[in-house]
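A short write-up of the structure that comes next.
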Amino acid sequence: MAGNSQRRGAMRKDGTKKGMVVGSGGQRRKQLQGKGPTPPKEERPHHPAARRAKLAERSAANRGRSGTTANRRRAGDGETPETVLGRNPVVECLRAGVPATALQVVIGGTTDERVREALHLAADMGISILEVAKGDMDKMAGGALHQGLALQVPPYAYAHPDELLEIAGDSGMPGLIVALDGVTDPRNLGAVVRSVGAFGGNGVVVPQRRAAGMTAVAWRTSAGTAARVPVARATNLTRTLQEYASAGLMVAGLAADGDVTLDEFELATDPVVVVIGSEGKGLSRLVKETCDLTVSIPMAGPVESLNASVAAGVVLAEIARQRRARLA
């Protein structure tokens with residue numbers, strides 16, 4: 001038994017002796033492998049350049065789909081034709097080439113440069129020009145200010161949410177989209193559309209249900225800007241925001257108890273979706289949970305909240321200021 005008391009060496013599974021590791025005596029663990037060179041900024045998941053690259057890739061993929069942008073437009077979702085009232089909104093719509101069916105002018109009404117331009121543009125576009133009595137136009141306007149001029153347009157052709165990604169990717173600037181959650185007043189929608197156009201945004205997204213649509217009131221409040229700023233309808237706003245986040249946009253919701261204040265919002269120069277809730281209820285639970293962060297507007301007075309369109313104007317103005325400063 002003495003001759004067999006020597007301990008056998010460790011064996012591998014294939015039956016060969018494992019032996020010692022040269023240079024370490026077999027006592028130390030192998031050194032950790034290095035991670036290699038730092039990847040380019042476009043390949044780092046949380047780098048702003050990676051978000052922009054992902055957005056450009058998503059935009060290119062959208063353009064390559066079989067359906068064209070025009071084919072993805074949804075006309076009105078069962079809404080009735082709209083009436084745009086007022087001289088400035090009518091002229092803005094005609095300048096932008098809104099597909100109108102008729103221009104109505106009050107008989108014997110005052111004529112200024114805007115009325116003459118509207119008549120000239122309508123004639124050039126082949127739009128029917130109808131003279132109507134003031135009483136008839138008052139009845140049609142339902143008490144709203146019409147200034148003797150009205151434009152009949154077909155139901156609004158809502159954009160597809162992906163179309164806003166295409167516009168953002170083609171703009172050459174960081175994307176800027178506004179999403180409205182539970183805003184039911186068309187005047188708020190129109191005012192938001194006007195602010196988006198003023199501060200370089202790419203478009204507005206609204207839910208398909210329980211939300212204001214592009215009615216004649218919204219057209220009137222936008223002062224015709226809706227002819228140039230696309231409004232998209234989302235079947236499911238939460239899912240659309242998730243898709244925007246996957247495409248590289250930061251989703252920032254406005255909330256009184258925000259994670260950061262607007263003064264501290266340093267990501268404003270990156271591609272961003274600004275989500276605005278209703279004045280009374282704010283953001284819905286699912287939408288708020290979808291946001292990457294929430295932003296509050298610092299206020300000096302005792303006001304608890306701002307109107308949705310006013311809040312949108314404040315935030316968009318600050319984003320535009322930060323982006324101008326970055327380019328300077």
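Here, residue 1 is the first one in the sequence, and each next residue gets the next number. Computed from heavy atoms alone, side chains included, the values below leave out hydrogens, waters and symmetry copies.
Residues Leu237 and Leu283 fall within the same hydrophobic cluster, defined by Ile, Leu, Val, Met, Phe, Trp and Tyr side chains chained together at heavy-atom separations under 4.5 Å. Ile107 and Leu149 fall into different hydrophobic clusters, where Ile, Leu, Val, Met, Phe, Trp and Tyr side chains are chained together by heavy-atom contacts under 4.5 Å. Leu286 and Val273 fall into different hydrophobic clusters, where Ile, Leu, Val, Met, Phe, Trp and Tyr side chains are chained together by heavy-atom contacts under 4.5 Å. A continuous path of ILVMFWY side-chain contacts below 4.5 Å connects Ile319 to Val260, so both sit in one hydrophobic cluster.
Under the 3.5 Å distance criterion, with hydrogens and angles disregarded, a donor-acceptor pair is assigned to the side chains of Gln152 and Thr83. No hydrogens or angles considered: a donor-acceptor pair under 3.5 Å links the side chains of Ser309 and Asn307. Between Thr221 and Arg187, the side chains place no donor N or O within less than 3.5 Å of an acceptor N or O (distance only, hydrogens not considered).
Partner of Lys288 under the salt bridge (Lys or Arg N to Asp or Glu O under 4.0 Å) criterion, chosen from Asp257, Asp259, Asp181: Asp257. Leu176 pairs with exactly one of Leu164, Asp270, Val274, Leu249 by the side-chain contact (heavy atoms from CB on, under 4.5 Å) rule, that one being Val274.
Proximity of a side-chain donor or acceptor of Arg87 to a complementary backbone N or O of Gln147 within less than 3.5 Å is detected.
A salt bridge is absent between Glu113 and Arg116; no separation between the charged side-chain nitrogens and carboxylate oxygens falls under 4.0 Å. A salt bridge does not link Arg114 with Glu117: every distance from a Lys NZ or Arg NE/NH1/NH2 to an Asp or Glu carboxylate oxygen is 4.0 Å or more.
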